[in-house]
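Have a look at the structure below, then the notes.
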Protein chains: 2
Amino acid sequence: MDSLNNDAIDRRPLHSEVAERLRSLIVEGELAPGDRLNERVLAERFNISRTPLREAIKILALEGLVRLLPNRGAEVTRLTRSNVEDMFQVVGALEALAGELACKRASDDDIAEIRRLHNEMLARFEASDRAAYFTLNQRIHAKIVDCAGNAELSAIYRNLAQRLHRARYMANFSKSRWSHAMEEHEEILDAIANRDSARLNSILKSHLQNKFDVIKNWLDKSATGPSSEDSVDADDSQDRKTAFI
Amino acid sequence: MDSLNNDAIDRRPLHSEVAERLRSLIVEGELAPGDRLNERVLAERFNISRTPLREAIKILALEGLVRLLPNRGAEVTRLTRSNVEDMFQVVGALEALAGELACKRASDDDIAEIRRLHNEMLARFEASDRAAYFTLNQRIHAKIVDCAGNAELSAIYRNLAQRLHRARYMANFSKSRWSHAMEEHEEILDAIANRDSARLNSILKSHLQNKFDVIKNWLDKSATGPSSEDSVDADDSQDRKTAFI
DNA sequence: AGTCTGTATCTTGCATGCAATATTAAATAT
DNA sequence: ATATTTAATATTGCATGCAAGATACAGACT
């Protein structure tokens, strides 16, 4: 009956909407790593009660964006060097699988869409619009992963990409690295358009490695001078000694 | 001060405890795929209020064990053929990465531990104790993944393994397949003990493929006669036509 | 001064209550 | 008999309230 009902007013559950708002606050950096999430403050800010807010926080915790502190609420997760490295490793494995599948399964429309995104990104690059470039970059990678036609893969990838996003745009890259990244993207587009999975995977791999190198540099740089604040002893899973952002 | 404090009373938050209880109800099959989660009933069963229960349900939703139905609560996710296939594909990519890293990073103690688990599993195999075999099997695979020393990888793997667990033990395998699986495990142990990552990855890959074949068979078998129950039209992401368990 | 202890305040964790929505059943119409 | 409306019942979504736990601070003590 309603198989194609587009008029539906989507009364999304509140917790899901709140989760999204919180997510962007974190990803865009307004809520910085280490910040505590005060339920009263946030509930007032969003003008909702604490119940849906708490549900949203649980969601973000499982996504890895916040960390639950029993009886003390939650804080935005800090990114550590090893943490980021771990995520990059997993992303690498996932992109490899995605590249393989995408070359087989991508439709011509899919590839046209990637090309469209690519050209738009090129325009942003030429306009030196870092923010817009960034968004398009993410969308291209996500689109390639989606072309693999594996919903699980897409979901996991998206989550990791989001968590890395925070690190990535804090670590500002040089113009020369930027040009190089743009060249890599030319190759990526070319490889997938030709459904050359071997080449796609090889370029995806080095592209990722280069991204990681930039972030690694930045992490190490921000690390010099780590004695900034509280030197509380914390034999936590998230140990302070190597937490940067 | 408390760097090795084992006396700590772990007052885990209720929602987390509830999530765990619910998780095993689902994984062990007491809550079957498609079952609705009635908040009142479950809250009474666990003797808690609905608030922490709802928080737990949100957690399971993100883990992929239940599906949120706006304004209608939640239901245990059904496993579809394509869904299971997707998960297996991702698991394959993750195990490949894990095998690579584990061969490099596993300590001798780690390998001894794997051997211990393996021998215990062999004993269970010889005693035809399917349930115990199953548990040990999972623990071995998890241990190998943990040897990779990548926390993100471990977490993602664990989640997928858990979701597949439901399918795997419903699909009862033949004795001959079982023997073969046991042989494969001999090879896995051997490969990792020799830190032969090429061989480990190759055997892990075919081992996984064989597992999938068994489940695929079973899924297809349970599929013949899909007109079992409600034929409600659902142009949902989780379409009923191919939902088996 | 620095540490310890007790008190006041704030925050979280959970339970309960109420309104909105969905589900079921009954009643009516076709 | 089947389909459609209407009423009753049950269930969810969210807000609020209260008690237990955490934080901050002041005063006592070494």
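First the proteins, then the strands, lettered A, B, ... as listed; each starts at 1. FYI, side chains are in, hydrogens and waters are out, and symmetry mates aren't considered; it's all heavy atoms of this structure.
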Rounded distance (Å) that lies between atom [atom2] of [N] and atom [atom1] of [X]:
X	N	atom1	atom2	answer
Glu55(A)	dC14(C)	CD	C1'	13 Å
Lys58(A)	dC14(D)	NZ	C1'	15 Å
Glu44(A)	dA15(D)	CD	P	13 Å
Glu75(A)	dT23(D)	CD	P	12 Å
His15(B)	dG13(C)	NE2	C1'	8 Å
Leu53(A)	dT16(D)	CG	P	14 Å
Phe46(A)	dG13(D)	CZ	C1'	18 Å
Leu14(A)	dA20(C)	CG	C1'	14 Å

Problem - Whether His165(A) and Phe134(A) hold their rings parallel, tilted or perpendicular, with breakpoints at 30° and 60° - result: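 Perpendicular: the ring planes of His165(A) and Phe134(A) meet at over 60°.
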With sequence neighbours excluded, what pairs up with [X] under the salt bridge (charged side-chain N to carboxylate O under 4.0 Å, His left out) test?
X	value
Arg23(B)	Glu63(B)
Arg130(A)	none
Asp110(A)	Lys143(A)

Practice task
Sequence neighbours left out, what passes side-chain contact (heavy atoms from CB on, under 4.5 Å) with Asn71(A)? Give chain and number order.
Solution key: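 With sequence neighbours excluded, Asn71(A) shows a side-chain contact (heavy atoms from CB on, under 4.5 Å) to Arg11(B), given in chain and number order.
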Exercise for the section: Look at the side-chain N and O atoms of Thr51(B) and state whether any lies under 4.0 Å from the OP1 or OP2 oxygen of dC14(C). Expected result: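 Thr51(B) to dC14(C) OP1/OP2: no side-chain N or O under 4.0 Å.
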Fill in the blank from the handout: Each nucleotide of nucleotides 7-12 of chain D classed B (base within 4.0 Å of a protein heavy atom), S (only sugar-phosphate) or -, in 5' to 3' order, makes ----SB
Extract all donor-acceptor atom pairs below 3.5 Å that involve side chains of residues 14-21 of chain B and protein atoms in other chains or at least two apart in sequence.
{"residue": "Ser16(B)", "atom": "OG", "partner": "Arg12(B)", "partner atom": "NE", "Å": "3.4"}
{"residue": "Ser16(B)", "atom": "OG", "partner": "Arg12(B)", "partner atom": "NH2", "Å": "2.6"}
{"residue": "Glu20(B)", "atom": "OE1", "partner": "Arg12(B)", "partner atom": "NH2", "Å": "3.2"}

